[in-house]
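Written out below as structure tokens is the structure these notes cover.
Keep in mind that what you see is a predicted model, and the values were worked out from it rather than measured. In each ligand, atom 1 is the first atom listed, and ligand 1 is the first ligand listed.
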Amino acid sequence: MHKKLFIPGPIEVKEDVLSKMATPMIGHRSKDASNLQRNITNNFKKLFYTENEILLSTSSGTGLMEAAVRCCTKESAAMFSIGSFGDRWHEMAVSNGVNADLFQSELGSITTPEMVDEVLSTGKYDLVTITHNETSTGVMNPLDEISKVIKKYPDVIFCVDAVSSAGGVKIETDKLGIDICITSSQKALGLPPGLSVCTISERAVEKARNVKNRGYYLDLVQLYDTIKEKDYQYPSTPNLSLMFALNYQLELIMKEGLQNRFDRHLVMAEYTRSWAKRNFALFADEKYASVTLTTVDNTQNISVKGLNEELGKRGFVISNGYGNLKEKTFRIAHMADLTLKDVKELLLNIEDILSIL
Ligand SMILES: *Cc1c(COP(=O)(O)O)cnc(C)c1O
């Protein structure tokens, strides 16, 4: 039996989207391949509210996160973390020999604009990384306020991990001044894993041209230049099957309407939060609670593993807490193409199981 996925990636994928992956293959140096990537790019520009170029990578989101840090840091990177995914960005810098400092907030809290201002005002850093939506804690950073501060430092390349938010929450990349905004296929975009996407500003590309040892496969300059020289093609052979599905899914997203899609995510989030507060508690401060997943504080001290086993018998799966938060919290994803009806059905089943656990 297929278990409906309420986990923060991979997420439930619609049948018709999945079936697009069975499209017959085309040559990756054909006009069709150019048209495919160009169509995808045009819709991503709308989704990310940007005029900047869109890069695709046949890797998960981690690939482009690593690429951004390695290709665009010359001096040192200031990495702000509010959980495991923020920490991971710092690990990538270290393992690539990129100078970087990690600035962590307490689990469950945000990166404050004041912290960012204080760190950048030292003048030591030429790249900054921010996690938009920290999937390990269910906290969403105030990107608007943080970006206002970062604008005071125009020489700093601004990178955002929007892996678990893009496609579910409005991110106005150009208005916020984001140079590189990264996401993955298997989260709020509602596709299988294996593709990563980012926006890239001209100045980030120009900066990268002067950085040595950018690597090969994840060289952002090569990804960018190939698009320009070969009319929207990819330097090596991309995951064309996923690109067929992505192209189709982006058309569905545009048909739904971006604002409708963001509203639907918010409705699911608000419903889940109020349920969580009635039955347990929210792990995050509600003001900064994620719109694409809810982290529930396990105040009833239930066995999350046991709950998930029972849910499994009924055809659902949720996520345990991440890392040290395992069993102390659990996470319910409400992103991509899930609806309020799906969420209500899941929560009714959880209530039913709680009465017998
Ligand atoms: C899932 C996730 C990642 C990692 O993305 P992959 O596509 O698995 O490489 C990074 N950051 C956040 C916030 C995530 O949710």
Side-chain angles (χ1 to χ4, degrees), residues 5-13 44 48 55-70 77 79-93 95-96 102 104-105 107-111 128-143 146 159-169 171 178 180-199 217-218 238-239 242-243 245-246 249 265 269 283-284 288-295 318-323 325 329-336 338:
L5 299 172
F6 288 86
I7 63 174
I11 194 72
E12 197 65 20
V13 182
F44 264 121
F48 277 118
L55 305 180
L56 298 182
S57 168
T58 293
S59 66
S60 72
T62 305
L64 284 178
M65 287 168 70
E66 180 161 349
V69 167
R70 177 166 177 162
M79 311 188 117
F80 292 88
S81 171
I82 57 170
S84 303
F85 290 106
D87 291 352
R88 203 188 267 189
W89 223 339
H90 182 249
E91 288 162 30
M92 289 175 209
S95 59
N96 276 287
L102 178 63
Q104 292 170 304
S105 301
L107 284 189
S109 27
I110 59 163
T111 298
V128 59
T129 66
I130 299 287
T131 310
H132 182 209
N133 187 60
E134 178 51 70
T135 318
S136 64
T137 58
V139 172
M140 194 168 260
N141 259 325
L143 208 49
I146 293 172
C159 303
V160 173
D161 169 355
V163 171
S164 61
S165 52
V169 183
I171 303 169
I178 302 170
I180 302 181
C181 190
I182 304 164
T183 197
S184 299
S185 52
Q186 79 282 10
K187 307 257 169 113
L189 291 174
L191 292 150
L195 262 181
S196 171
V197 186
C198 74
T199 70
Y217 190 67
L218 293 170
N239 190 335
L242 254 173
M243 287 168 70
L246 173 59
Q249 172 70 343
H265 278 79
F283 180 70
Y288 301 112
S290 165
V291 176
T292 54
L293 80 149
T294 296
T295 301
I318 61 168
S319 273
N320 209 318
Y322 196 98
L325 297 173
T329 63
F330 58 90
R331 295 171 299 155
I332 299 172
H334 28 73
M335 60 171 87
L338 290 171

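Two residues are said to be in side-chain contact when any heavy atoms from C-beta on lie closer than 4.5 Å; Met335 and His265 meet this criterion. Contact annotation: the side chain of Thr292 never approaches that of Pro8 to less than 4.5 Å [non-hydrogen atoms, C-beta and beyond].
Of the N and O atoms on the side chains of Asp87 and Ser81, at least one donor lies less than 3.5 Å from an acceptor on the other residue.
Within the set Asp161, Thr292, Thr135, the minimum heavy-atom distance to atom 11 (N) of ligand 1 is found for Asp161. Comparing Met65, Glu66, Lys187, Gln186 by heavy-atom distance to atom 8 (O) of ligand 1, the nearest is Gln186.
Counting only distance, with no hydrogens or angles, the side chain of Thr58 and the backbone of Asn239 share a donor-acceptor pair below 3.5 Å.
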List the steps, then state whether ring pair (Phe, Tyr, Trp, His ring centres under 6.0 Å) holds for Phe330 with Phe6. CA-CA 11 Å; Phe330 58 90; Phe6 288 86; over 10 Å; no

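The ligand atoms of ligand 1 that sit less than 4.0 angstrom from a heavy atom of Asn133 are 13 (C). Near Thr62, meaning under 4.0 Å from any of its heavy atoms, are these atoms of ligand 1: 4 (C), 5 (O), 6 (P), 9 (O). Residue contact check: Ser164 has heavy atoms under 4.0 Å from atoms 13 (C), 15 (O) of ligand 1. Ligand 1 places these atoms under 4.0 Å from at least one heavy atom of Gly61: 6 (P), 7 (O), 9 (O). Proximity to Ser184 (heavy-atom distance under 4.0 Å) selects the following atoms of ligand 1: 5 (O), 6 (P), 7 (O).
Counting protein heavy atoms only, atom 10 (C) of ligand 1 is closest to Phe85 CD2, 3.3 Å.
Both the backbone and the side chain of Ser60 come within 4.0 Å of ligand 1, judged by heavy-atom distances.
Note that OG of Ser109 and CD of Glu134 are 11.0 Å apart. Values are rounded to the nearest 0.5 Å.
Of all non-hydrogen atoms in Ser136 and Leu325, the two that sit nearest each other are O-CD1, 3.8 Å.
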